[in-house]
Undergrad: 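Please read through the structure below; I'll follow up with questions.
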Amino acid sequence: SQTIHQWPATLVQPVGSPLSLECTVEGTSNPNLYWYRQAAGRGLQLLFYSVGIGQISSEVPQNLSASRPQDRQFILSSKKLLLSDSGFYLCAWSDQGTSPLHFGNGTRLTVT
Amino acid sequence: AQSVTQLGSHVSVSEGALVLLRCNYSSSVPPYLFWYVQYPNQGLQLLLKYTSAATLVKGINGFEAEFKKSETSFHLTKPSAHMSDAAEYFCAVSDQRGGTSYGKLTFGQGTILTVHP
């Protein structure tokens, strides 16, 4: 069966520090991969999605970037964190075509 | 552009009472619609999905939702609430075009369901 792993679960970082969140998927090949951010009371916002290695689409301009160095690995990064980057970050995957999203357990990021 | 509106950011029911969580959508093409549930500090779990087959969709944990095109609604219901249903619920819409569109969901703001004993 397919599983998705996301780490770390929680992270507290100072303003201006770098960020790297990692997500891996097991049990499937060539998945679509997604990064969402959830801010309190504001629903989920799609940040990036990827349909293949090295293929990244950004949905909103921001202080973050994403990379997909391997088929089942998706990384969310920042060179310098802002206070506004605080939130709950969710990685998700779907099969190519008509499969719904499957979410990881999320990373709670607090920028201080 | 598609959008989702969930009416009521908080809904409170008694254990055993009917649960009704409202969702209205807008989409320029026939949509795919989803309900997800999120427990504290966890990811989202798919409850059910509508993909242009039967308009009444049954999901996990006794939940169901009915697609009503004329009302552009996809309300989530459960006949009898359990304490374990307390969570946040998200409605989401996706258009059908493109291989990636299924995952490019637009989410509502969420409804927090509280269940009282």
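Chain identifiers are assigned alphabetically (A, B, ...) following the order of the sequence lines, protein sequences preceding nucleic acid strands; residue numbering begins at 1 within each chain. Worth saying up front: this structure is predicted, and the values here are computed from it rather than measured.
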Undergrad: For A:Gln38 and B:Gln38, run side chain to side chain contact (heavy atoms under 4.5 Å, CB included): C-alpha distance rounded to whole Å, both residues' side-chain angles, the deciding distance at 0.1 Å, then the answer.
TA: CA-CA 12 Å; A:Gln38 186 177 21; B:Gln38 184 180 32; 2.8 Å; yes
Undergrad: So for B:Tyr36, is it side chain, backbone, both, or neither that comes closer than 4.5 Å to the heavy atoms of chain A?
TA: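 For B:Tyr36, side-chain heavy atoms alone lie under 4.5 Å from chain A.
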Undergrad: Most heavy-atom pairs under 4.5 angstrom with chain A, which of B:Thr106, B:Ile112, B:Leu44, B:Val4?
TA: B:Leu44
Undergrad: Can you say whether A:Gln6 sits under 4.5 Å from chain B via the side chain, the backbone, both, or neither, judging by heavy atoms?
TA: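 It is neither, since no heavy atom gets under 4.5 Å.
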Undergrad: With a 4.5 angstrom heavy-atom cut-off, which part of A:Gln45 approaches chain B: side chain, backbone, both or neither?
TA: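 Interface part for A:Gln45: neither.
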Undergrad: Give the minimum heavy-atom separation between A:Pro100 and B:Lys49, together with the two atoms involved.
TA: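 Minimum heavy-atom separation between A:Pro100 and B:Lys49: CD-NZ, 3.8 Å.
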Undergrad: Hydrophobic clustering (ILVMFWY, side-chain heavy atoms < 4.5 Å, transitive) - are B:Tyr32 and B:Leu56 grouped together?
TA: no
Undergrad: Supply the members, apart from A:Trp7, of the Ile/Leu/Val/Met/Phe/Trp/Tyr cluster built from side-chain contacts under 4.5 Å; use none for a lone residue.
TA: none
Undergrad: Should A:Leu46 and A:Leu109 be regarded as members of a common hydrophobic cluster, given that ILVMFWY residues are connected when their side-chain heavy atoms come within less than 4.5 Å of each other, either directly or indirectly?
TA: no
Undergrad: Treating Ile, Leu, Val, Met, Phe, Trp and Tyr as nodes and any side-chain heavy-atom pair under 4.5 angstrom as an edge, say whether B:Val57 and B:Val93 lie in one connected cluster.
TA: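 Same cluster: B:Val57 reaches B:Val93 through Ile, Leu, Val, Met, Phe, Trp or Tyr contacts under 4.5 Å.
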Undergrad: Go through the atoms of A:Leu44 and report whether side chain, backbone, both or neither lie under 4.5 Å from a heavy atom of chain B.
TA: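 Contact with chain B: backbone and side chain both.
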Undergrad: Can you find a heavy atom in the side chain of A:Leu101 that is under 4.5 Å from one in the side chain of B:Leu105?
TA: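 The answer is yes, as the side chains (C-beta and beyond) meet within the 4.5 Å cut-off.
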Undergrad: Is there a side chain to side chain contact (heavy atoms under 4.5 Å, CB included) between A:Arg108 and B:Asn41? Walk through the geometry before answering.
TA: CA-CA 8 Å; A:Arg108 176 77 57 192; B:Asn41 293 312; 3.2 Å; yes
